[in-house]
Amino acid sequence: MITENNLSENEENRNEQETPQEQTPEPVASRDESTPQEEPEHEEEHEEVDLSLADTLKEMEKIINAPNAGEDFKKFNQLKEKASHYIHDEVEDKKHEYTDAGNAPETFSYEHPSQARFSALVNIFREKHDDFQKGQEEEQKKNLDHRQSIIERLKNLYTNSEPGTNLFKSIREIKEDWSNAGQVAKSEFRILNNNYFHHLNQFYQMLDLNKEFLEQEYSHNLEKRQHIIERARQLEHEPVIQKALNELQYLHKLWKEEAEPVAEEFREKTWEEFKEISNKIHERKSELSAAIETEQAGNLEKKNQIIAEIKKLSEPAENPNHNYWQNAIRKVEDLRTEFLKTGSVPRKLSNQNWNDFKTTLRNFNTTKNTYYKSLKGSQQANLEEKLKLIQTAKDNQNNEEWDISVPLFKKLQEDWKKIGHVPKSMTNKIWDEFRDACNAFFNNYREKSNASNDNWKENYKQKKAILEDLKTVTNEEGSIERIEAIKTSWNNIGKVPRDKISINTEFNKTLREKLKLNKINEFELKEEGLSENQLTDKARKMKSQISDLEAEIVKLENNLAFFKNPSRENPLLKDTYNSIDEKKAHLESLKQNLHNIIAGE
């Protein structure tokens, strides 16, 4: 039975229209049967689902890393054009943001982070394609020599065949060799093909003199036609219409090259039967077009809905605040990803749909940027309010009238939290000044209070009891809350005698063991009662750990660049990606906790 697998890779790629229809041999009496019509190339009508820039670059890299990279010239060029448009559009977006901020367009300068990788991929592919073209030329020259030798064998078969030669077997071998032979240059194909069919025709004219061999040939070709017709009938029910069209094209080629001639009484009958089945399969092409149109119409509706949602976020009903715009930014990014993942739309509306999407995104960014420009005035007013609090704290940091000064500093801290954002460049500076003034006051307050009120020996007894309680903690449910309560109690107890100070070290060691047992980081604990000094020390440790984690993540990501295929699907890199994900999650947790400490939350 004839299947797609009978078609060699080279034949599959051959331009069928290079074979002139009028050259099909008529070796026996003229026939009424028309020459099988050349089937046009059936390309997939589905366009690829839109890919993001990152996915497009990954697909380009996959092609480059494939064994025959240069062969996928058409697909690589499509991906190259897609990536180029993405980079251009994103650069234009940056330029719009730059000019919206009041800057002159001629001073704009921006290097897209993916530009270098994109250029490298294009250059590498160009080199591989050049090598592929050279290899193709050499291969086509070998194929030309091989086909010419086949023609020479065919010629000898009817001019110089030795007595006793099995003509039937010999012509079958020659026709099979010709069908399986590789591609030749287009400039050589027409003459070569005409030459082959000329000698094939001459052979059949010679064979006409030998009735026994001619009947064998007729019988074989009729069986071939029947197999082709049977396979064509099966294609009528092939669920994938595009596959049916592609294989039908091959069957027509097979009919012309390997199923002629047949006895006159079967010629018209078999051809009409095959032609009728072919027409039915072609009629199914409308089903494919209808399915594609329906799918594309659905994609267009979905993309238009996404555009409408972004427009809605750009035009809030009420005056938006900072939180609104931060949530809107995240939603728009999700919508943008969804838009790019959605499949193709009708070709005539594709450009308009894409332009509407880009215009809507730019309008969103313009409106968002306008809002944040307006914040600069209010941020300046907030800065002035916080500077007044700092000055009050500095003026009273040495005040020892505790009944007045302690409530005052608590009030200052509460007021600080209520005041909104200040310019980003001043955030850390003014916080450090305010915190230092508060720390100076509370440290002085604790020292004076401890000197007069603390019973250090009693503190040691309490800490000893808490330490023993900590040692009994397991990893059962509720253990984390128990550790938090123990830590808070420990923080609320004052100093111990100097010769007993080692209990602090023992407590910290035991605490680390219990945290490890319960798989939680110390910085994730909810603690109360921490002094300003303790908070400062905790923040310092967090900053150090954040720096270490960032360095580790950068190192791991740099290591990935040394692999030819650094994707998540690569089993060799599974553990590396898992490690990066865990460290990033831990990093975000630390940053959030540090932010809470700095903000006084």
Side-chain angles (χ1 to χ4, degrees), residues 52-55 58 90 113-114 313 320-338 340-341 365 368 372 375 379 416-417 420-432 435 475 479-481 483-484 487-488 508 511-512 514-528 530 534-561 566-570 573-601:
S52 66
L53 174 58
D55 289 338
K58 285 180 183 177
E90 290 181 17
S114 297
L313 291 170
N321 55 20
H322 171 71
N323 288 337
Y324 171 85
W325 283 112
Q326 290 303 304
N327 289 331
I329 290 169
R330 286 190 288 271
K331 288 179 182 177
V332 167
E333 184 56 34
D334 291 340
L335 290 170
R336 178 179 178 277
T337 301
E338 187 64 26
L340 297 177
K341 285 182 178 179
N365 288 327
K368 174 201 68 179
Y372 279 106
L375 279 186
Q379 287 181 347
W416 183 276
K417 294 178 183 178
H421 294 278
V422 301
K424 193 172 182 179
S425 59
M426 297 295 293
T427 301
N428 291 335
K429 182 177 182 298
I430 62 172
W431 166 246
D432 289 341
R435 182 189 59 196
N475 61 348
S479 295
I480 295 175
E481 290 79 3
I483 292 173
E484 289 173 344
K487 188 71 163 60
T488 298
N508 289 331
L511 178 63
R512 285 192 293 271
K514 299 305 179 182
L515 291 173
K516 184 177 181 181
L517 179 64
N518 285 274
K519 298 179 181 178
I520 185 172
N521 190 282
E522 181 178 0
F523 300 129
E524 297 174 12
L525 287 178
K526 298 176 182 178
E527 298 179 63
E528 297 177 3
L530 288 175
Q534 289 172 321
L535 285 172
T536 301
D537 184 61
K538 186 173 183 179
R540 179 184 58 77
K541 290 179 180 178
M542 281 186 180
K543 289 178 180 178
S544 176
Q545 191 163 355
I546 286 172
S547 297
D548 292 343
L549 274 174
E550 288 175 337
E552 291 174 18
I553 291 170
V554 168
K555 182 178 179 181
L556 287 172
E557 290 179 336
N558 286 341
N559 289 343
L560 292 175
S567 68
R568 284 183 176 270
E569 290 74 24
N570 189 333
L573 302 178
K574 182 178 180 181
D575 291 339
T576 301
Y577 275 111
N578 289 340
S579 178
I580 291 174
D581 292 342
E582 290 174 2
K583 290 181 184 298
K584 284 184 176 180
H586 188 194
L587 179 63
E588 288 303 314
S589 176
L590 285 176
K591 286 182 176 179
Q592 183 59 48
N593 289 333
L594 179 60
H595 172 76
N596 292 340
I597 291 176
I598 293 175
E601 297 177 359

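Sequence positions, counted from 1, serve as the residue numbers for this chain.
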Taking atom CG of N475 and atom CG of L517, what is their separation to the nearest 0.5 Å? 4.5 Å
Contacts of K516 that satisfy salt bridge (charged side-chain N to carboxylate O under 4.0 Å, His left out) - sequence neighbours left out: none
Under a 4.0 Å N-O cut-off, is there an ion pair linking D581 with K584? no
Could I get the full list of side chain to side chain contact (heavy atoms under 4.5 Å, CB included) partners for N327, not counting sequence neighbours? R330
To the nearest 0.5 Å, tell me how far S114 OG sits from L53 CG. 4.5 Å
Is the side chain of T337 donor-acceptor paired with the backbone N or O of E333 at a distance under 3.5 Å, no angle test? yes
Report the distance from atom CD of E582 to atom CG of L549, rounding to the nearest 0.5 Å. 11.5 Å
For residues D55 and K58, determine if any side-chain heavy atom of one lies less than 4.5 Å from a side-chain heavy atom of the other. yes
Could you please spell out the steps behind the side chain to side chain contact (heavy atoms under 4.5 Å, CB included) verdict for K555 and N558? CA-CA 5 Å; K555 182 178 179 181; N558 286 341; 5.7 Å; no
If you apply the rule side chain to side chain contact (heavy atoms under 4.5 Å, CB included), what do you find for E338 with D334, and how did you get there? CA-CA 6 Å; E338 187 64 26; D334 291 340; over 6 Å; no
Should I430 and W416 count as side-chain neighbours, where that means a heavy-atom distance under 4.5 Å? yes
Would you please test K368 and V332 for side chain to side chain contact (heavy atoms under 4.5 Å, CB included) and show each step? CA-CA 12 Å; K368 174 201 68 179; V332 167; over 6 Å; no
Enter the distance from T488:OG1 to I483:CD1 here, rounded to the nearest 0.5 Å. 11.5 Å
CD (Q326) and CG (N321) are apart, to the nearest 0.5 Å, by 10.0 Å
Least distance between heavy atoms, L313 atom then A328 atom: CD1-O, 4.3 Å
